Structures are given as structure tokens and as C-alpha cells.
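Notes follow the structure.
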Amino acid sequence: MNKKIRTDAVDHLFDAILCLQNKEECYSFFEDLCTVNELLSLSQRFEVASMLRDHRTYLEIADRTGASTATISRVNRSLNYGDDGYELVFDRLND
């Protein structure tokens, strides 16, 4: 875990996210928290990660998601060398 992001403020944000009980509450909270572009960027990265995990090509991912190759590369680096957060979520979503 990157020690730079482990702060009281980030803990407080994560506590807030963890108290959300359904998708509608998530929509309400994230619409207030993020700009439309920020939320779309986050969802795009998650979609890119999913497609990389399914062994899709950069070209296919870029065409389908509109993500730049730089974004795809950054997400790929996180999948390969990150803190396994994507894997944790993907595994739980598949249960």
C-alpha cells in the first residue's frame, strides 16, 4: 500500500464508501463527490482492467472504452505490479 495515500482523510472517505448499502446510494454519494468526468474516468479504468484481465488487446480496449493507450498502460501496470486491489474486487464480483 502506498503510504502517501494512507491518511486520516482517506480513511474517512473509505469509511463513508463502506457505509453505502446499495447501488442507488452509491450513485447519490459519488454524484455529489465527483464530477461527471471524474466518475466516468474511474469507471473507464475499471472497464479497462476487466478487459485486460480477459486478455483483450490494447486496440480492442481503446476502441471499446475510448481509453488512451497511456491509460490502458497505466491500468496494466497496476494489474501487474500494484497492490492486487483489482484482483480482490474481480474475485469477489465473480463469487
Side-chain angles (χ1 to χ4, degrees):
M1 171 65 65
N2 186 337
K3 293 178 184 171
K4 291 180 183 178
I5 68 167
R6 221 176 245 279
T7 66
D8 289 341
V10 174
D11 281 351
H12 196 213
L13 172 63
F14 290 167
D15 287 340
I17 293 168
L18 289 169
C19 82
L20 299 171
Q21 296 181 1
N22 57 50
K23 201 176 292 187
E24 283 307 312
E25 289 182 1
C26 287
Y27 272 104
S28 293
F29 181 68
F30 280 94
E31 188 171 331
D32 288 349
L33 181 67
C34 300
T35 66
V36 171
N37 285 339
E38 289 168 337
L39 189 53
L40 292 176
S41 291
L42 291 171
S43 63
Q44 180 188 64
R45 289 179 199 157
F46 190 68
E47 186 66 18
V48 166
S50 178
M51 293 180 75
L52 284 167
R53 195 167 180 256
D54 290 340
H55 307 290
R56 304 283 193 241
T57 66
Y58 275 35
L59 182 59
E60 183 179 357
I61 295 168
D63 285 345
R64 185 158 171 211
T65 67
S68 68
T69 55
T71 295
I72 298 167
S73 180
R74 226 176 2 256
V75 171
N76 193 44
R77 189 169 44 251
S78 292
L79 281 170
N80 291 317
Y81 305 107
D83 206 33
D84 294 328
Y86 280 120
E87 285 304 316
L88 176 72
V89 170
F90 288 133
D91 288 347
R92 289 186 180 166
L93 285 172
N94 288 327
D95 284 346

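In this text the structure is predicted, and so the values were computed from the model without any measurement.
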Mind checking the [atom1]-[atom2] spacing from [X] to [Y]? Nearest 0.5 Å is all I need.
X	Y	atom1	atom2	value
Glu47	Gln44	CD	CD	9.5 Å
Ser28	Leu33	OG	CG	12.0 Å
Leu52	Arg45	CG	CZ	13.5 Å
Arg77	Ile72	CZ	CD1	13.0 Å

Write down the atom of Leu79, the atom of Ala49, and the distance for their closest heavy-atom approach. CD1-O, 3.8 Å
Minimum heavy-atom distance Ala67-Val48, with the two atoms named: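 Reported closest heavy-atom pair: CB-CG2, 3.7 Å.
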Partner set under side-chain hydrogen bond (donor to acceptor under 3.5 Å, both in side chains) for [X], not counting sequence neighbours:
X	value
Ser73	none
Asn80	Asn76
Ser50	none

Taking only residues two or more places apart in sequence or in another chain, which ones pass salt bridge (Lys or Arg N to Asp or Glu O under 4.0 Å) with Arg56? Glu60
Qualifying ring-ring contact (aromatic ring centres under 6.0 Å, His included) pairs with a residue from residues 64-83, counting only residues at least two apart or across chains: none
Please list, one pair per line, the donor and acceptor atoms closer than 3.5 Å that link side chains of residues 85-93 to other protein atoms, with sequence neighbours excluded.
unit_1, atom_1, unit_2, atom_2, d
Glu87, OE1, Arg53, NE, 3.2
Glu87, OE1, Arg53, NH2, 3.3
Glu87, OE2, Arg53, NE, 3.2
Asp91, OD1, Arg53, NH2, 3.2

When Ile, Leu, Val, Met, Phe, Trp and Tyr are grouped by side-chain heavy atoms lying under 4.5 Å apart, directly or through other members, which residues fall in the same group as Leu40? Val36
ILVMFWY clustering at 4.5 Å (side-chain atoms), partners of Leu59: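 Members alongside Leu59: none; it stands by itself.
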Results of side chain to side chain contact (heavy atoms under 4.5 Å, CB included) for Ser68 - residues two or more places apart only: Ala70, Thr71
Partner residues of Glu31 under the side chain to side chain contact (heavy atoms under 4.5 Å, CB included) criterion, sequence neighbours left out: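 Side chain to side chain contact (heavy atoms under 4.5 Å, CB included) list for Glu31, sorted by chain: empty.
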Side-chain donor-acceptor pairs of residues 10-24 under 3.5 Å, sequence neighbours excluded:
unit_1, atom_1, unit_2, atom_2, d
Asn22, OD1, Glu24, N, 3.1
Asn22, OD1, Glu25, N, 2.8

What do you reckon, is CZ of Phe29 surrounded by more than 12 foreign heavy atoms closer than 6.0 Å?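 For Phe29, atom CZ is crowded (more than 12 foreign heavy atoms under 6.0 Å).
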